[in-house]
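Start at 1 with the first residue, then count along the sequence.
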Amino acid sequence: MDTDNLTPMAYECIVFAYSVIDILAVELGAAARNYTNEEEYLKGILTFVTGIESDPIDYLESWNLEEIDWEL
């Protein structure tokens, strides 16, 4: 699936992610290629974001961003 196939409401997930950190928005956008429809996509990115929420430092370290002074 392509992000062009997302409804405006679903695409807002990517826009919101960009307001948090641009890398997350890119990851969410790229993830669309792994799903065949919007429902699967939304479930998939929810799982992904929930994983980040459970250990945000690990996510930042995976991108070598832990040196930035984040307000978590």
Side chains of residues 42-52: which donor-acceptor pairs under 3.5 Å do they make with residues two or more places apart or in other chains?
{"unit_1": "K43", "atom_1": "NZ", "unit_2": "E39", "atom_2": "OE2", "d": "3.2"}
{"unit_1": "T47", "atom_1": "OG1", "unit_2": "K43", "atom_2": "O", "d": "3.1"}
{"unit_1": "T50", "atom_1": "OG1", "unit_2": "L46", "atom_2": "O", "d": "2.7"}

Exercise. Just by distance, do the side chain of Y18 and the backbone of V26 share a donor-acceptor pair under 3.5 Å?
Worked result: no
Exercise. Is the backbone N or O of E40 less than 3.5 Å from a side-chain atom of N37, with the two atoms forming a donor-acceptor pair by type?
Worked result: yes
For this session: For R33 and T3, run side chain to side chain contact (heavy atoms under 4.5 Å, CB included): C-alpha distance rounded to whole Å, both residues' side-chain angles, the deciding distance at 0.1 Å, then the answer.
Result: CA-CA 8 Å; R33 74 179 189 280; T3 56; over 6 Å; no
Seminar exercise, completed: To the nearest 0.5 Å, atom CD1 of I23 lies from atom CG of L28 at 12.0 Å
For this session: To the nearest 0.5 angstrom, please state how far the CD1 atom of I57 sits from the OG atom of S62.
Result: 11.0 Å
Problem set entry | N/O donor-acceptor pair under 3.5 Å between D58 side chain and D55 backbone | no
Exercise. Above 12 or not: heavy atoms from other molecules or residues under 6.0 Å from OH of Y35?
Worked result: yes
Problem set entry | No-hydrogen, no-angle side-chain donor-acceptor test under 3.5 Å, E53 and Y59 | no
For this session: Could you grab the distance from atom CG of L24 to atom CZ of F16, nearest 0.5 Å is fine?
Result: 9.5 Å
For this session: Locate the shortest heavy-atom distance separating M1 from L6; write the atom from each residue and the value.
Result: CE-CD2, 3.5 Å
Exercise. Does the E38 side chain pair with the main chain of T7, one donor and one acceptor, at a distance under 3.5 Å?
Worked result: yes
